[in-house]
Amino acid sequence: MSFLEVLYFIVPSALLYATPLILTGIGALFSERAGVIGLGVEGLMIVGAFTGIYINLEYYADFGKNVIWLALLAALLAGAIFSLIIAVAAVTFRADQTVTGVALNMLAAAITVFLVKLIYGKGQTDMVSAPLQRFEIPYLSDIPFLGPLLFQNVYSTTIIALVVAVGAWFVLYKMPFGLRIRSVGEHPMAADTMGINVAKMRYIGVMISGALAGVGGASLAMTSSGDFSGSTVAGQGFIAIAAMIFGKWHPLGTLGAALFFGLAQTLSIGGGNIPYIQDIPPVILQVLPYVLTILALAGFVGKAVAPKASGVPYIKGKR
Amino acid sequence: MSNRVVNLLVPLISVVLGLLVGGIIMVVSGYDAIDGYTALWNGIFGDSYSIGNTIRQITPYILAGLAVAFAFRTGLFNIGVEGQLLMGWLAAAYVGYAIEGLPRIIHLPLALLAAAAAGAFWAFIVGFLKAKLQVHEVIASIMLNYTALYLTNAAIKSLSDGGFKTPTVLESATLRNQWLRDITDNSSLHLGIIVALIMVVVMWFILEKTTRGYELKAVGFNKNAAEYAGMNVNRNIILAMTISGVFAGLGGAMEALGTYQNASIKAAASGIGFDGIAVALLGANNPIGVFFGASLFGSLKYGSLNMPNEAGIPEEIVSIIIAVIILFVASGYILRVGLQKFGKKKEGK
Amino acid sequence: ACGTDDEGTDSKDTSKNDSTSGSETSTDAGSGDFSIAMVTDVGGVDDKSFNQSAWEGVQQFGADNGLSKGEGGFDYLQSQSDADYNTNLNNLLRRDFDLVFGVGFMMGDAIEEIANDNPDAQLALIDAEVEADNVANILFKEQEGAFLAGVVAASMSESGKIGFVGGVDIPVINRFHAGFIEGAKAVNPDIEIQVNYTGVFDDASKGKIAANSMYSSGVDIIFHAAGGTGNGVFSEAKERKAKDKDANVWVIGVDADQYAEGQVDDSTNITLTSMLKGVNNAVVDIATKAKNGEFPGGETTVYGLAEDGVGLADSRGAIPQEVLDKVEEYKEKIASGEIKVSEEKPKDK
Amino acid sequence: MEYVIEMLGIRKQFGNFVANNNITLQLKKGEIHALLGENGAGKSTLMNVLFGLYQPEAGEIKVRGESVKITDPNKANDLGIGMVHQHFMLVENFTVTENIILGSEPTKLGAINIKDAAKDIAALSKKYNLDVDPYAKIEDISVGMQQRVEILKTLYRGAEILIFDEPTASLTPQEITELMAILKLLIKEGKSIIIITHKLKEIMEVSDRVTIIRKGEGVGTVVTNETNPDQLAELMVGRQVEFKTEKGEANPTEEIFKIENLVVTDYRDVEKVKGLNLSIRRGEIVGIAGIDGNGQSELIEAITGLRKIKSGKVTLGGKDITGLKPREITETGVGHIPQDRHKHGLVLDFPIGHNIALQTYYKSPISKGTIMDYKKINEKARKIIEEYDVRTGQGEMTPARALSGGNQQKAIIGREVDRDPDLLIAALPTRGLDVGAIEFIHSRLIEQRDKGKAVLLISFELDEVMNVSDRIAVIYDGTIVDTVYPKETSEQELGLLMAGEKRKAKAVKEGNE
Ligand SMILES: Nc1ncnc2c1ncn2[C@@H]1O[C@H](COP(=O)(O)OP(=O)(O)OP(=O)(O)O)[C@@H](O)[C@H]1O
Ligand SMILES: Nc1ncnc2c1ncn2[C@@H]1O[C@H](COP(=O)(O)OP(=O)(O)OP(=O)(O)O)[C@@H](O)[C@H]1O
Ligand SMILES: [Mg+2]
Ligand SMILES: [Mg+2]
């Protein structure tokens with residue numbers, strides 16, 4: 001491959017890989033910013049992936065290609081609703097948030113496969129007829145270099161993810177809602193004394209994480225595997241959390257970290273066709289994304305500071 | 001109601017509620033819940049074979065749970081047990097087959113030691129990165145989980161000349177024991193459970209009896225105060241992680257020397273490490289608690305295999321039940337409030 | 001773990017109701033009949049791959065002999081992890097099935113152990129070989145089928161570049177790899193073949209990126225042997241086709257007929273053909289032999305082109321006649337032994 | 001008589017524990033009303049009830065004559081009640097402006113209008129003489145400024161009634177003076193104020209009336225002009241209290257601790273201690289007086305081994321302890337009561353018994369080899385608890401977190417003194433404590449001195465420095481500018497020294513000689 005060809009392949013692939021990570025990572029960020037650990041996003045992604053595929057399969061006949069929008073919407077809702085389990089346990093019942101997240105992941109994986117078995121009588125669904133597909137952005141795609149690089153092979157979910165990232169930044173850092181949600185994650189008692197309903201903000205933060213992780217899961221399933229099974233999500237939620245921490249709990253940082261993962265992953269898989277890289281033993285390429293991440297964190301990203309009250313149940317009047 | 005009674009009642013009620021939810025789901029889905037639970041019970045306790053295998057299943061859960069719990073107790077979240085366990089698995093298998101001519105009394109401990117060392121090393125990296133370079137332990141361990149998966153796969157491949165599993169461990173390194181097999185009708189129960197139980201005591205001893213344990217806990221709870229008291233915070237973080245890795249690595253040894261007798265290529269993570277988190281939390285990060293948590297978790301998981309076999313019910317139902325139990329245990333606060341109210345009402349009468 | 005190869009199916013003729021749903025479990029078939037059962041590896045009987053194919057064989061045998069699902073007839077158990085093999089095999093033996101199949105190379109150790117513990121039982125092992133008098137080993141010459149896939153790919157490629165996407169780098173997958181390359185080179189010694197082992201069987205994203213990378217560099221036909229990872233290869237190809245009707249992208253499926261996976265819209269399909277692995281036929285064959293008292297215990301039966309154990313699926317017109325003729329030609333040469341296909345992938349590409 | 005607030009017969013219970021029982025407090029419009037009581041008497045609880053953080057089990061609250069239910073802080077804000085909490089309620093990584101507008105943010109097109117908000121705040125801060133930087137982050141500003149932010153928070157919301165819970169506990173004397181002025185200004189602007197403080201001097205100076213509570217019960221309300229500190233203390237404790245700690249003459253002997261030309265930098269590598277010299281003899285208490293931020297923290301951290309020393313020399317009993325590790329220094333004979341008891345003094349999640357072993361866990365008889373002897377530890381803990389009158393719920397098994405600040409402090413002092421160090425460093429040892437506890441701690445420090453130990457006392461409170469020290473070293477800008485004797489100096493002179501004034505004068509004088 002020529003250098004340009006390599007680039008034209010790497011960048012869109014990296015974006016593809018990064019898309020669910022961005023969505024889910026930013027979801028987790030909202031949860032953690034509100035003071036609830038986001039460990040459950042893996043499970044929420046699974047719920048989203050299942051819902052997306054289920055809706056896509058069942059309503060394709062009625063809606064044709066447009067069913068993907070319905071599927072994404074349903075995944076969003078399903079994620080948000082399922083995340084209520086975390087909210088109720090962690091916020092209302094003051095449960096340990098790490099436990100809640102781990103339990104939710106287990107629950108989501110089991111319930112979805114159980115449902116698949118119940119509905120379809122087998123362990124995985126068929127492939128959907130309307131997967132998410134790339135398209136060209138008119139005009140922009142004609143720009144030399146940048147066109148083929150960025151605008152000729154675009155997924156709608158990638159655009160959604162980018163919008164979500166920038167939107168999340170705006171919401172969190174420019175809008176009253178963001179100020180409030182962050183205050184609840186940093187110092188809930190201070191927020192409480194300022195008349196902010198801590199529990200409500202935490203519920204909202206968790207449900208945003210559910211909604212975004214749901215969309216992230218659906219977008220993953222509808223672009224990559226095209227079906228749903230117990231292994232569709234396979235740890236991407238954890239990678240998304242890693243992206244969020246890597247991105248220092250900042251939406252644009254998370255975006256950057258997710259893109260970094262995408263790039264590293266693409267290099268590792270597509271590396272076999274890239275001059276020089278192809279001579280590297282495959283195992284090195286396979287571990288590359290993970291090792292690179294650690295090196296990046298160790299080398300220059302430096303210490304990340306989590307929201308202070310993340311993981312701590314808020315109990316009125318307790319010091 | 002006394003605190004102790006409440007502390008016992010909370011997990012009990014949680015289990016009952018979990019089973020209740022599971023029953024409801026079965027009935028709603030058109031299955032026979034009684035059949036389902038009979039099958040589950042038989043799967044766990046039905047005969048000596050089942051009991052043997054249930055114990056075998058519990059064994060690595062104990063160790064994975066200890067690994068997570070130990071880290072938690074020292075203020076660290078070890079989500080990397082999975083990777084450490086894989087490293088330990090490979091190391092034990094390798095030492096188990098590659099070193100010949102040793103008597104069992106030396107070879108077996110050596111293989112266990114190798115697993116412990118490998119797990120410890122993998123966790124040490126995380127501790128080191130955290131202590132010296134402020135790398136968040138959660139990302140580092142997630143990344144190292146994947147790294148371990150690919151590295152051990154590549155290593156197994158080259159050790160087996162392009163095959164997919166290492167040679168079987170030698171008789172002198174196996175945890176298998178004919179007598180245990182005989183009394184459990186040829187189940188795959190092995191001596192590993194003894195190792196696991198010893199490690200329960202070891203963890204308890206380290207944390208509750210030694211000066212090091214005192215230091216580790218102090219650093220975990222309040223780094224600043226520990227530093228004021230002249231403790232070396234960084235060294236303790238690294239050490240805590242490393243000890244946690246020892247437990248995880250031994251968990252791998254249980255599989256390598258007991259259950260499978262080799263290490264084979266994995267297409268995905270084993271899941272034991274992640275289950276270990278649940279086990280630790282069920283056990284309130286307390287070694288004895290971990291033992292009970294692992295017993296509950298392992299029994300249900302193993303018994304679930306019999307549900308499709310005997311009752312035709314998907315075994316996922318058991319994972320749902322476990323998750324619900326964990327959620328209830330975690331929400332102990334609300335159960336406590338309920339119990340307190342209930343207790344008061346009774347006293348009032 | 002390893003759903004060894006691949007996937008793919010003709011979902012139309014897969015009976016949808018051999019689910020685990022309990023209603024039909026307890027039906028009793030006439031006793032005295034020869035009953036069979038199987039244990040899947042972690043794939044499950046609807047994995048669009050060899051587990052499914054094996055289950056089809058079991059059902060076929062059942063239908064041929066008037067058996068019904070359940071005790072004394074035919075049945076299966078699914079494994080969630082490697083740890084479940086022993087128990088599942090054992091459970092089936094206890095239910096007195098006359099012949100029990102273990103599906104997948106990962107099950108070798110478990111079969112061997114169970115066979116030794118139960119010398120009177122009759123077992124069969126698919127995709128691996130163990131030494132035990134009461135085990136019938138079943139192997140396939142995947143390389144021979146893959147050879148034909150290579151012939152097709154090399155003959156049909158317009159760009160002179162074709163690709164192979166593998167899952168985990170293990171011997172079974174290596175056989176697909178080896179045959180594919182030999183077949184392609186036999187037709188066109190100058191053909192460029194890109195190879196990518198993704199290292200996993202369950203990550204469609206990786207399959208998709210691998211396929212994207214290959215298609216981007218001009219590859220027009222990809223043969224995959226990567227299980228769930230292969231789903232990503234299909235989705236990439238379909239997407240390219242959906243976006244550009246004239247795109248010249250094809251996938252060759254594996255194990256079962258993966259035509260359905262390649263459906264882009266009503267008139268377009270990117271599945272060129274699929275390399276079939278006749279696990280179902282082998283199951284029926286061995287079961288029938290056993291029923292007739294000719295159980296090939298302790299032997300290894302190899303199914304290649306000559307035995308119709310492997311082959312190519314109907315291409316539904318996607319492959320022109322002259323290429324099909326060429327395929328037929330090679331098929332005969334291989335079946336007759338004139339061409340011997342290597343099992344080992346070429347060292348250093 | 002017009003009351004803006006009436007709390008009548010308030011009762012608040014935590015579980016079975018009654019924190020407030022039938023307490024009545026009436027606030028007149030335009031008055032400063034002090035609320036007085038021992039640690040744990042229930043003052044904060046009562047105010048939290050008024051601010052809507054807690055719901056009372058019984059009693060009535062009237063605001064401007066109308067009976068109200070204050071269900072949450074929002075409601076309190078609506079009623080014009082604002083509260084400056086004992087522990088600041090500020091989000092550390094927010095700016096001053098963000099903290100102030102939180103919850104009632106001005107917006108423009110959906111986005112927060114930070115500029116306008118900052119402008120409003122600047123105007124407000126000018127009006128009330130509350131100097132703040134609207135764009136500074138909380139974590140970067142001084143405690144005094146943080147408090148001004150807290151006050152602005154309430155004013156920004158238009159509070160007419162302001163509650164201050166121990167506002168002076170962590171302020172420097174200068175800041176306290178400023179705060180008193182601000183309080184008076186607020187009254188002039190028509191606000192009414194309730195203030196909790198343990199410092200009777202402040203009460204006498206600023207308040208109009210005082211309500212006293214003891215162990216959750218209301219004792220009564222007195223008019224400030226008609227009472228005196230002794231009476232107040234008696235009402236509060238229920239017995240007579242001695243203010244000025246009994247203290248005999250010091251008998252200093254040989255010099256034991258010596259700091260020479262010490263230079264220490266802070267985390268930004270800015271020099272904070274600049275060639276400091278100091279020496280302490282056995283049997284004397286040297287107080288370091290100074291305004292916060294003049295190098296005290298760096299000085300303590302340097303001599304206890306927690307911070308690198310850039311240059312200079314520290315010796316204890318003739319042994320050079322410069323640059324040694326904290327443990328080695330402790331071993332040489334240094335005891336340390338840290339400034340922040342929660343952060344550095346205790347592991348709050350340990351039982352108080354285990355905390356007693358924090359410095360000695362690795363040594364016999366607390367441990368043998370590598371094995372801890374928890375029986376010994378608990379024995380020792382019980383001894384200290386008894387000796388130092390640490391009030392706990394469940395003895396040595398009480399979690400440190402559950403102890404009141406004063407009792408936590410007593411436990412720390414017990415722990416440090418029990419090790420019998422040659423040098424005891426006490427940093428702000430009485431912050432936030434009631435007079436009884438203060439008296440107790442002071443007498444313990446003096447007891448150490450009388451046993452022939454050296455004591456280094458760091459305090460921002462002139463009273464404390466004057467009463468307890470035998471010698472006062474004034475720190476300013478990283479050096480000791482002068483050393484004076486309490487009997488030969490006045491608060492005035494100390495204040496000037498601490499502000500760096502006299503030094504110049506002296507330097508000029510010296511120059512003239
Ligand atoms: N949230 C709570 N839960 C249980 N008990 C509490 C709680 N808050 C306070 N208490 C109890 O109520 C008593 C009064 O506490 P409060 O904080 O009102 O004291 P205070 O008078 O403000 O003391 P200080 O002078 O130390 O600030 C305490 O002794 C404590 O035991
Ligand atoms: N949630 C709680 N549970 C039990 N006791 C509590 C709780 N919150 C506060 N207290 C108790 O209330 C009392 C007074 O609290 P307060 O915060 O006023 O303490 P304090 O003595 O002033 O300490 P400090 O000055 O260090 O903050 C203490 O006894 C404290 O332990
Ligand atoms: Mg108070
Ligand atoms: Mg106080």
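Proteins get letters first, then strands, A, B, ... in listed order; numbering begins at 1 in each.
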Original post:
Atom CG of N93(D) and atom OG of S183(A): how far apart are they, to the nearest 0.5 Å?
Top reply: 10.5 Å
Subject >> Partner residues of S142(D) under the side-chain hydrogen bond (donor to acceptor under 3.5 Å, both in side chains) criterion, sequence neighbours left out >> reply: none
Subject >> Smallest separation among heavy atoms of R182(A) and F94(D), with atom names >> reply: NH1-CE1, 3.5 Å
**OP:** Quick one: pull up NZ in K153(D) and CE in M194(A) and give me the separation to the nearest 0.5 Å.
**Re:** 4.5 Å
Original post:
Between Y173(A) and chain D, which part of the residue has a heavy atom less than 4.5 Å away: side chain, backbone, both or neither?
Top reply: neither
**OP:** Please flag which part of F88(D) lies under 4.5 Å from any non-hydrogen atom of chain A: side chain, backbone, both or neither.
**Re:** backbone
Original post:
Do any of residues 95-120 of chain D have a heavy atom less than 4.5 Å from a heavy atom of chain A, and if so, which, in residue order?
Top reply: E98(D), N99(D), I100(D), I101(D), L102(D), G103(D), S104(D), E105(D), T107(D), G110(D), A111(D), I112(D)
Original post:
With only heavy atoms counted, which part of N77(D) is less than 4.5 Å from chain A, the side chain, the backbone, both or neither?
Top reply: side chain
**OP:** Tell me, out of N197(A), I196(A), L179(A), who's got the most heavy-atom pairs with chain D below 4.5 Å.
**Re:** L179(A)
Subject >> D192(A) vs M89(D) side-chain heavy atoms within contact, under 4.5 Å >> reply: no
Original post:
Looking at T154(D), V91(D), N74(D), which makes the most heavy-atom pairs under 4.5 Å with chain A?
Top reply: N74(D)
Subject >> Worked verdict on E186(A) versus E92(D) for side-chain contact (heavy atoms from CB on, under 4.5 Å) >> reply: CA-CA 8 Å; E186(A) 292 287 339; E92(D) 294 246 303; over 6 Å; no
